[in-house]
Amino acid sequence: MEHEVFVPVPPDRLRASLADPAQVARAVPGLQRDAGAERPVAGRLRIRVGGHTITYRGELRVSPRDDDAFTVEGDATEARGTGTVTLALTLRVTGADGGSTLHVHGTATADGRITELEPDTVDSTTRRLLTRFAENLGAAEPAAPEAPDDPEAPDEPEPEQEQEKRTSVFEAEVPPPALDPLAEDDFTDSPEPPAEAAHARRTMIGRSAEEVDHAPPRGRYAPVPAPQTVVPTETLRWAAPAAALVVASAIVVTKALRRRR
């Protein structure tokens, strides 16, 4: 099998992508990598050949060579069957006008369901798969180079030094309470607290919390007593005998007038 694909990227960048197994795994179309697999190019590959879909499970190994070429070896087994596929490819990158050309040479052997399909359909599917692989490989972002060690970079502070710089909450200065009459920050213009506040503070000192909570308010917040609607008892003491005397006098006068008649 021979196949060529034009990739609009420089040759060095395309070779760097082939040398990175992670980018090769992302470039294979339809590959679902196994979670936690040690090999980066391993998992399930689903391909569609004509009107049939076949899923393979296997791995792919890419090795660089001394002549700037890459050797690709792979083997896979049908996920629902006994068919197998084995391939051995050689990938070579050459410069081209406006990009690079990826040359693919190699052989592949297979058995199982794929051998029951038309050879031309299998060949076109394989070439389409290689074309998409090369395009995805060219579109991959190059790996960021590692930053060199800078000997002049300042040393990071040790954890103990950072801990000493931090101020504990218990070591911070506590501001005076708002109810303290001697506090510097006051909401009133007068430097001394009002007389009512001072009186309330003096009366609350030495009293329990229950007595303070149930104590009636004093000063301008004290409740106003209701007006008295009952006649005082002192008035009733002399009003009752006087009324009795008036009634008795009226009776005596009335009897005297009757006798004269």
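What's counted below: heavy atoms across the whole structure, side chains too, no hydrogens, waters or symmetry copies. Sequential numbering from 1 along the given sequence is applied to the chain's residues.
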### Message
Going by side-chain hydrogen bond (donor to acceptor under 3.5 Å, both in side chains), name the residues that satisfy it together with Asp111, two or more places apart in sequence or in a different chain.
### Response
Thr84

#### Entry: Arg15 vs Asp68, side chain to side chain contact (heavy atoms under 4.5 Å, CB included): CA-CA, chis, key distance, verdict
CA-CA 8 Å; Arg15 293 190 186 98; Asp68 293 338; 4.0 Å; yes

### Trace of the side chain to side chain contact (heavy atoms under 4.5 Å, CB included) decision for Arg26 with Asn136
CA-CA 8 Å; Arg26 289 193 295 266; Asn136 296 340; over 6 Å; no

### Query
Going by distance alone, is a donor N or O of one side chain under 3.5 Å from an acceptor N or O of the other, for Glu4 and Thr101?
no

### Linked hydrophobic residues, Ile251 as query - side chain contacts closer than 4.5 Å
Val247

### Query
Thr131: what forms a side-chain hydrogen bond (donor to acceptor under 3.5 Å, both in side chains) with it, not counting sequence neighbours?
His3

### Query
Can you tell me how far the CG atom of Leu18 sits from the CZ atom of Arg13, to the nearest 0.5 Å?
12.5 Å

### Message
side chain to side chain contact (heavy atoms under 4.5 Å, CB included), that's the test. Do Thr53 and Arg46 meet it? Break it down for me.
### Response
CA-CA 7 Å; Thr53 301; Arg46 178 178 298 180; 3.4 Å; yes

### Query
Among all residues two or more places apart in sequence or in another chain, which pass the salt bridge (Lys or Arg N to Asp or Glu O under 4.0 Å) test with Arg48?
none

Please tabulate, for side-chain N and O atoms in residues 69-77, each donor-acceptor pair with protein atoms closer than 3.5 Å (sequence neighbours left out).
residue, atom, partner, partner atom, Å
Asp75, OD2, Arg61, NH2, 3.4

### Query
Do side-chain atoms of Thr86 reach the backbone of Thr109 as a donor and acceptor pair under 3.5 angstrom?
no

### Message
My understanding is that only residues two or more places apart in sequence, or in another chain, count here; which of them pass side chain to side chain contact (heavy atoms under 4.5 Å, CB included) with Ala16?
### Response
none

### Exercise: identify the closest heavy-atom pair between Leu89 and Gly106
CD2-CA, 3.8 Å

## Note on the structure
Val49 meets the side chain to side chain contact (heavy atoms under 4.5 Å, CB included) criterion, sequence neighbours left out, with Ile47, Leu117, Thr121, Val122, Thr125

### Task
Output every pair passing salt bridge (charged side-chain N to carboxylate O under 4.0 Å, His left out) with a member in residues 116-125, not counting sequence neighbours, ordered by first then second residue.
Asp123-Arg127

### Query
Which value, rounded to the nearest 0.5 Å, describes the distance between His52 atom NE2 and Arg113 atom CZ?
7.5 Å

### Message
Checking Arg44 now: which residues fulfil side-chain hydrogen bond (donor to acceptor under 3.5 Å, both in side chains) with it, not counting sequence neighbours?
### Response
none

### Task
Identify the heavy atoms of Gly99 and Pro11 that sit nearest to each other, and give their distance.
O-CD, 4.3 Å

### Message
Testing the basics here: between Gly138 and Val7, what is the closest heavy-atom pair and its distance to 0.1 Å?
### Response
CA-CG1, 3.6 Å

### Closest heavy-atom pair and its distance - Ser100, Leu14
CB-CD2, 4.1 Å

### Query
Is there a donor-acceptor contact under 3.5 Å from the side chain of Thr82 to the main chain of Glu78?
no

### Task
Please list, chain by chain and in numerical order, all residues satisfying side chain to side chain contact (heavy atoms under 4.5 Å, CB included) with Pro8, sequence neighbours excluded.
Phe6

### Query
Arg128: what forms a side-chain hydrogen bond (donor to acceptor under 3.5 Å, both in side chains) with it, not counting sequence neighbours?
none

### Task
Output every pair passing salt bridge (charged side-chain N to carboxylate O under 4.0 Å, His left out) with a member in residues 79-96, not counting sequence neighbours, ordered by first then second residue.
Asp67-Arg92

### Query
Where do Val24 and Phe133 come nearest, in terms of heavy atoms and distance?
O-CE1, 3.9 Å

### Query
Between atom OG1 of Thr55 and atom CG of Leu45, what is the distance when rounded to the nearest 0.5 Å?
8.0 Å

### Task
For residues Leu129 and Pro29, report the shortest heavy-atom separation together with the two atoms involved.
CD1-CG, 3.2 Å

